[in-house]
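The structure under discussion appears below in the form of structure tokens.
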There are 2 protein chains.
Amino acid sequence: MKARSGEAQASERVDPFSICRISSSVKELDKSGVLFMEGDPAQHVYVVKSGLCFSFRYHEDGRRQIIDLAFPGDFVGLEALTQEQFVSGLSALTPAELVAYPVDDFTQRCYAEAALSRTLVECIAREQVILTKRLVGVAHSSASQRIAHFLLEVRVRALTASELHPVGAGAENHCLLSDCGAFTLNLPQAVIADTLGLSIVHVSRTLSKLKDDGLIEDSPAGLRYMNVDGLKAVAQWEGLAPWFEAS
Amino acid sequence: MKARSGEAQASERVDPFSICRISSSVKELDKSGVLFMEGDPAQHVYVVKSGLCFSFRYHEDGRRQIIDLAFPGDFVGLEALTQEQFVSGLSALTPAELVAYPVDDFTQRCYAEAALSRTLVECIAREQVILTKRLVGVAHSSASQRIAHFLLEVRVRALTASELHPVGAGAENHCLLSDCGAFTLNLPQAVIADTLGLSIVHVSRTLSKLKDDGLIEDSPAGLRYMNVDGLKAVAQWEGLAPWFEAS
DNA sequence: CGTAGCCTTGACCGACGTCAATGATGGTGG
DNA sequence: CCACCATCATTGACGTCGGTCAAGGCTACG
């Protein structure tokens, strides 16, 4: 088997649940529940089993920066592998389940099975690419670009996640919903704002503009994507990352 | 040996050169030389042996985002492990040497030696923490905060790197210089601007303000840090990361 | 001496934040 | 069924941070 996954399709992604043979327990979170906070002792590594979560940090001035969303199948709290304390918190946007693996077991297993290390490296590398993209975006893009990009990113990741983990996706119930043809997203604007480093007010204004342009629309279920290609144009979309399907 | 490194001092950091047993070659770069560009086929993983490098990406509008500086001892181009192409370019700020390891050898060795995988995971995780910090900073801080933070970050990383790799540090010659007591930094303002997502003009203005406040000073060798504590106050400095010495 | 980098400074302007008021929605208890 | 409150979204007025443009200075180098 070839180790490099550059040419991998989404369907070939390693399955994070493959590590389930090691001792594990499941944590359940309510909506807005907090699994751990920045600074908490880091004794477990987690995989999101169902629901939608996000990792975040607080800035000294009290503002929250959302580092990344975490979809079913995503690793979370990997900092535990290299540090005593979490450097970011983790909270849930919807009721969620996470599988917890004690760091020590996990580490030992890494030593025992190079393939697991490998999986890990790939997961982290994937995450890193998303982060650098976001970094470039936050630094250099206008609010509408950032927001359009964010909307597209969430869509792709949600679709990918639900393909891979149709069972426990769960996020559809509350936040995401891919109905006939059109994708619909229901997130508090505060989440978008804190992810992209914008104010809620400006997010609202920018979304209104996107609505005026017919790219999205309000619906009872949330934001409805009316014109994905239009969004891509605004976002100057180049795809999320090589290993995600273009779609 | 305990695998977790949260409690590690700088002196206990894993030595990236420990992988030198696998086939490798040294690449030399001139000042401003480019090792690879975004999109190039990724066939090697590198470790900076001497000099100062940086990884970057171009935004669609042509602006350059510097992702991170790379000091002697730092891994570079780790994307090669998981992707066919580099997602960022790498260039040198000073004449530099980099050790190149073919990905395939590297990968095989990862399978053979879990400890190497482990080292890798730690390096990437470390990098990730820096990235998330930068993300928070770029999104929520004022120019003077960002710049002060950047100055401090470079100082710590340069000091750490030169402790670990006193031989091949090399960066001192051109960019960094820790003379009697005061640290001195000589970087083009364009580098600071592109790292922090600011315009050169504004970097200049902000540095002038810091000079007015007596925190830094021009010197023939570059910027001289006159008041590190003052800088820390401006930057709301909380340390770079747990594994770096406070200093 | 002329040219090329790099830095500085001023004038101007736009994007985005803040503050504040107003609506919509939905859950809870009377 | 309605009153009440909490949460979230919208909208306007206004200020500011930082970008852009343009001009000029300083060194280094041929």
Side-chain angles (χ1 to χ4, degrees), chain A residues 30-33 59 61-66 91-95 137-151 173-175 184-212 216-224 234, chain B residues 30-32 59 61-65 93-94 136-151 174-175 185-212 216-224 234:
Chain A
D30 292 335
K31 177 175 175 174
S32 302
H59 203 230
D61 61 13
R63 288 193 300 198
R64 182 181 65 173
Q65 169 71 37
I66 294 183
S91 176
L93 282 168
T94 69
V138 168
H140 289 305
S141 304
S142 70
S144 37
Q145 265 181 73
R146 288 190 235 177
I147 290 184
H149 190 98
F150 177 80
L151 294 179
N173 300 337
H174 300 81
C175 272
T184 307
L185 172 67
N186 186 9
L187 281 182
Q189 292 185 351
V191 170
I192 305 181
D194 289 347
T195 304
L196 302 180
L198 296 169
S199 68
I200 297 182
V201 175
H202 203 66
V203 169
S204 171
R205 270 195 275 261
T206 308
L207 285 176
S208 298
K209 206 178 300 171
L210 294 179
K211 287 171 202 162
D212 291 345
I216 54 178
E217 205 177 85
D218 271 327
S219 89
L223 279 182
R224 218 180 140 88
V234 173
Chain B
D30 293 334
K31 177 175 174 175
S32 301
H59 203 229
D61 61 11
R63 288 194 298 198
R64 181 181 66 174
Q65 169 72 37
L93 283 167
T94 69
V136 176
V138 168
H140 289 307
S141 303
S142 70
S144 36
Q145 264 181 74
R146 289 192 234 177
I147 290 184
H149 190 98
F150 176 80
L151 295 179
H174 301 80
C175 272
L185 171 68
N186 187 10
L187 282 182
Q189 293 185 352
V191 169
I192 305 180
D194 288 346
T195 304
L196 302 179
L198 297 169
S199 68
I200 298 182
V201 175
H202 204 65
V203 169
S204 170
R205 270 196 275 261
T206 308
L207 285 176
S208 298
K209 207 179 298 170
L210 294 179
K211 287 171 202 163
D212 291 346
I216 54 177
E217 204 176 86
D218 272 328
S219 87
L223 279 183
R224 218 180 140 88
V234 173

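All values below come from the heavy atoms of this structure, side chains included, with hydrogens, waters and symmetry mates left out. Letters go in sequence order (proteins before strands), and every chain restarts at 1.
Residue A/Ser204 places no side-chain N or O under 4.0 Å from the OP1 or OP2 atom of D/dC8. Contact between the side-chain N/O atoms of B/Gln189 and the OP1/OP2 oxygens of C/dT8 is found at a separation under 4.0 Å. The phosphate of C/dT18 (OP1 or OP2) has a side-chain N or O of A/Arg63 nearer than 4.0 angstrom. OP1 and OP2 of C/dC16 both lie 4.0 Å or more from every side-chain N or O belonging to A/Ser142.
Contact annotation for B/Val201: base contact, defined as any heavy-atom pair under 4.0 Å involving a base atom. Residue-level contact check: B/Leu198 touches the backbone only, with heavy atoms under 4.0 Å from sugar-phosphate atoms and none from bases. Here B/Thr206 lies out of heavy-atom contact (under 4.0 Å) with every strand.
Counting all heavy atoms, side chain and backbone alike, B/Leu196 lies closest to B/Arg146 at O-NH1, 2.6 Å.
Put simply, CD1 on B/Ile192 is 8 Å from P on C/dC7, counting in whole angstrom units. Rounded to a whole Å, the CG atom of B/Leu207 is 13 Å from the P atom of D/dG18. Straight-line distance from the CG atom of A/Asn186 to the P atom of D/dC8: 11 Å, rounded to whole Å. Going from atom CD of A/Gln65 over to atom P of C/dG17 covers 12 Å, rounded to whole Å. The nearest whole Å value for the distance from the CD1 atom in B/Ile200 to the C1' atom in C/dC6 is 8 Å. Remark: P of D/dG12 and NE2 of A/His202 are 15 Å apart, rounded to the nearest angstrom. Per the geometry, CZ belonging to B/Arg205 stands 13 Å off C1' belonging to D/dT16, to the nearest Å. For B/Gln145 and D/dC17, the CD to P distance is 12 Å, given to the nearest whole Å.
A donor-acceptor contact closer than 3.5 angstrom is absent between the side chains of A/Gln65 and A/His59.
In this structure, B/Ser204 contributes its side chain and B/Ile200 its backbone to no donor-acceptor pair below 3.5 Å. No side-chain donor-acceptor contact under 3.5 Å links B/Thr94 to the backbone of B/Lys31.
Residue whose closest nucleotide on DNA chain C sits further toward the 5' end, between A/Ser199 and B/Lys211: B/Lys211.
The existence of a salt bridge linking A/Arg224 and A/Asp218 is excluded, since no basic side-chain nitrogen approaches an acidic carboxylate oxygen closer than 4.0 Å.
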